[in-house]
Amino acid sequence: MPSLRDRVRGFFGGPRKTSSFGFHPAGSDGLEGGRMGRRLEGWVPSRANVNTLVSQSGKTVLARARYLVRNNAYALGATEAFTANLIGTGITPSWKEDAPAKAELSALHKEWVDEADAEGLTDLYGLLRRIGRELFVAGECFIRRRPRRLSDGLSVPLQLQLMPSEICPTEWMLKLENGNWIRQGIEFDPFGRRVAYHFWKVNPGDITQSFDFGKLHRVPAEEVIHIHDPLEAGQIRGLPRLTAAIVPLWEIDGYDDAEVARKKTAALLGVFFSRADPEGELFDKYQEDQAKQTDGVAEISLEPASAYVLPPGTNTTVLEPADVGNNYEAFQYRMLTRICAALGLPYASVTGDLVKANYSNQRAALLEMRRRMEALQYGVIVHQACRTIMRWFMDAVDLKGDIALPGYADNPRPYLQGVNWIAPKWAWIDPLKDAQAEAIAVDNGFKSRSDVIEAQGDDPIEVDNRIAADQKRAKQLGIVLKGTATPGKDVEDGPPDGEDVAEGEADQSGDDQQQRRRRKSNGDARRTNGRALQ
């Protein structure tokens with residue numbers, strides 16, 4: 001224990017004694033964030049693991065997050081902005097050119113998309129949008145595979161059921177006789193692998209299904225997709241993305257309500273008249289009458305631009321609430337930027353306020369959001385949801401047998417690896433400059449046309465086929481578009497009806513046109529230089 005003299009010296013920056021091991025004792029020197037001095041002695045954060053915190057407080061945090069999204073305009077705006085940028089119209093599959101059974105699987109998948117929802121409310125991409133909402137509001141959700149009978153008449157005997165976070169109890173923990181552990185509703189084997197999920201039969205907060213209330217059932221892990229984005233190593237359940245913003249959103253909502261109430265009260269003030277009653281007799285009689293009429297509760301109702309006669313002998317002071325003042329906007333702006341930082345979304349997207357927006361800061365904000373969204377798209381949505389759903393789809397197709405998938409049962413990898421996932425395209429503030437930059441990158445070999453087309457949310461093979469079909473139709477009708485020569489020279493014949501254009505052939509056609517443009521540009525430059533020399 002350092003002496004009083006050492007502590008005084010340490011406070012003023014003087015030398016301190018070291019321990020016999022050669023280092024300063026805890027609380028004297030070292031990391032400033034670990035000191036327990038005067039400024040930080042009251043800050044003792046919990047050392048509990050994130051899983052312990054979720055088990056203890058997760059249900060309360062989730063309930064508050066859902067309340068804010070239902071009642072707070074900023075929370076709702078943030079949820080919609082997050083979902084629209086993460087999922088948009090859907091993350092779609094694109095079969096590679098050399099993928100086995102490409103045409104048949106692609107056509108069948110497009111047909112099954114409309115049948116994927118077990119509730120029948122939306123299609124597969126609508127389910128992904130709901131998944132995006134749950135990922136933001138609750139931090140997680142569950143998808144359960146629902147095999148169907150062949151007699152149900154579906155194109156593929158498979159549907160998907162989306163379940164909220166509350167369906168799996170975070171407080172359910174138990175050691176099983178077979179050596180498995182149930183942690184926060186998830187069953188793990190001795191090696192730490194997920195083997196099952198324990199779900200409530202009905203949502204515990206849904207009283208309309210009370211006939212199955214309080215009953216748990218076990219679902220094997222291969223029948224469930226748990227979509228979540230862990231923030232810490234070892235985290236097994238999700239946390240709402242609103243967690244760090246819950247308190248500021250609640251406080252700013254209450255502050256706004258108080259300001260509105262103050263302005264309403266100020267607008268209701270009118271004219272008051274009072275009569276003198278030196279002895280107080282009239283006022284006593286007035287109180288007795290009021291007590292009989294209102295059971296002792298005073299009732300005062302204010303109306304705009306009204307005049308009121310007050311009880312005799314009453315002295316009245318008319319309140320004049322101060323205006324909001326110039327600090328209101330600055331305070332609101334700083335509070336909202338703090339909330340937006342916690343949510344990871346641009347200020348304009350959360351608030352809809354474009355007053356402070358300009359080209360530069362909007363583009364910078366969109367670029368930052370794009371980086372974050374792309375990481376979630378491919379690291380969470382595609383990896384956890386889209387690929388597993390595609391595997392379930394392939395299993396159902398192989399089981400039904402309408403499409404021959406040779407060797408799928410023994411090795412499904414070639415079929416599953418033959419699919420790319422395309423996220424919705426990003427809309428920019430200045431699309432002309434972006435398109436020009438992409439064209440330059442393609443012309444100089446820094447990027448392929450397929451990459452550009454996929455970034456726009458389209459299938460490259462389908463786009464090439466459409467371009468070829470458009471060129472063929474334009475030639476047949478004698479249509480000359482800007483940038484093309486007379487039909488029959490630069491417009492090549494399209495493929496025969498019902499046939500696809502190979503990706504390499506379409507790229508070769510594009511390369512020929514680019515070479516012609518370069519030769520024309522070089523010729524113009526040589527003629528210009530020749531005239532200058534003359």
Side-chain angles (χ1 to χ4, degrees), residues 45-72 74-76 78-79 82-83 130-144 161-176 180-188 194-219 221 224-254 339 342-344 380 384-385:
S46 172
R47 291 180 171 84
N49 181 267
V50 62
N51 294 319
T52 302
L53 299 178
V54 172
S55 296
Q56 294 175 347
S57 306
K59 295 174 66 174
T60 302
V61 171
L62 177 54
R64 289 173 175 172
R66 291 203 185 278
Y67 175 89
L68 287 173
V69 173
R70 293 166 183 160
N71 296 277
N72 184 281
Y74 297 127
L76 178 59
T79 304
F82 178 87
T83 307
R130 291 167 61 188
I131 289 170
R133 283 180 59 90
E134 288 295 312
L135 190 62
F136 185 83
V137 178
E140 64 178 359
C141 66
F142 301 91
I143 303 176
R144 185 174 178 183
Q161 180 186 4
L162 184 63
M163 299 186 295
S165 173
E166 292 89 343
I167 208 73
C168 187
T170 56
E171 70 277 8
W172 182 241
M173 288 176 282
L174 183 67
K175 178 66 182 294
L176 303 179
N180 292 353
W181 272 97
I182 299 177
R183 300 173 57 198
Q184 298 184 6
I186 304 174
E187 185 176 336
F188 295 85
R194 303 185 181 213
V195 296
Y197 292 85
H198 293 257
F199 293 139
W200 297 113
K201 285 202 170 184
V202 297
N203 192 319
D206 188 357
I207 63 172
T208 63
Q209 296 179 321
S210 58
F211 52 88
D212 271 338
F213 183 78
K215 297 180 181 179
L216 282 169
H217 66 296
R218 182 180 184 272
V219 180
V224 177
I225 303 174
H226 181 200
I227 303 173
H228 67 300
D229 182 26
L231 300 179
E232 300 183 25
Q235 182 177 341
I236 61 177
R237 294 295 297 268
L239 271 174
R241 299 185 74 86
L242 285 164
T243 300
I246 285 178
V247 174
L249 280 169
W250 173 258
E251 294 290 348
I252 198 172
D253 206 12
I339 291 170
L343 300 177
V380 177
Q384 295 181 4

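Start at 1 with the first residue, then count along the sequence. Because the structure is predicted, anything quoted here is derived from the model rather than measured.
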- Do the non-hydrogen side-chain atoms of Asn49 and Glu232 ever get within less than 4.5 Å of each other? no
- Query: Is the count of non-hydrogen atoms from other residues, nucleotides or ligands lying under 6.0 Å from Arg64 atom CZ greater than 12?
  - Reply: no
- Query: Looking just at side-chain N and O atoms, do Asn203 and Glu166 make a donor-acceptor pair shorter than 3.5 Å?
  - Reply: no
- Task: Classify the angle between the aromatic ring planes of Phe136 and Phe82 as parallel (below 30°), tilted (30 to 60°) or perpendicular (above 60°).
- Result: tilted
- Query: Can you tell me how far CD1 of Ile131 sits from CD1 of Ile143, rounded to the nearest 0.5 angstrom?
  - Reply: 3.5 Å
- Item | Atom pair OG1/CG of Thr79 and Asn72 - distance to nearest 0.5 Å | 9.5 Å
- Does the side chain of Gln184 pick up a donor-acceptor pair with the side chain of Ser55 at under 3.5 Å? yes
- Find out whether Arg237 and Ser165 are in side-chain contact, i.e. whether some heavy atom of one side chain is under 4.5 Å from a heavy atom of the other. yes
- Message: Using 0.5 Å steps for rounding, measure from the CG atom of Asp253 to the CG atom of Leu68.
- Response: 7.5 Å
- Test item: Ile186 and His226 side chains (from C-beta on) under 4.5 Å apart, heavy atoms: yes
- Task: Would you check if Arg218 and Val195 make a side-chain contact, meaning some heavy-atom pair closer than 4.5 Å?
- Result: yes
- Note on the structure: When rounded to the nearest 0.5 Å, the distance separating CD1 of Ile339 from OH of Tyr74 is 8.0 Å
- Taking the side chain as every heavy atom from C-beta outward, state whether His217 and Lys215 have any atom pair closer than 4.5 Å. no
- Note on the structure: Output for pair (Leu62 CG, Tyr67 OH), nearest 0.5 Å, gives 15.5 Å
- Calculate, to the nearest 0.5 Å, the distance between atoms CD1 and NE2 belonging to Ile182 and His198 respectively. 3.5 Å
- Any side-chain heavy-atom pair from Leu239 and Leu53 closer than 4.5 angstrom? no
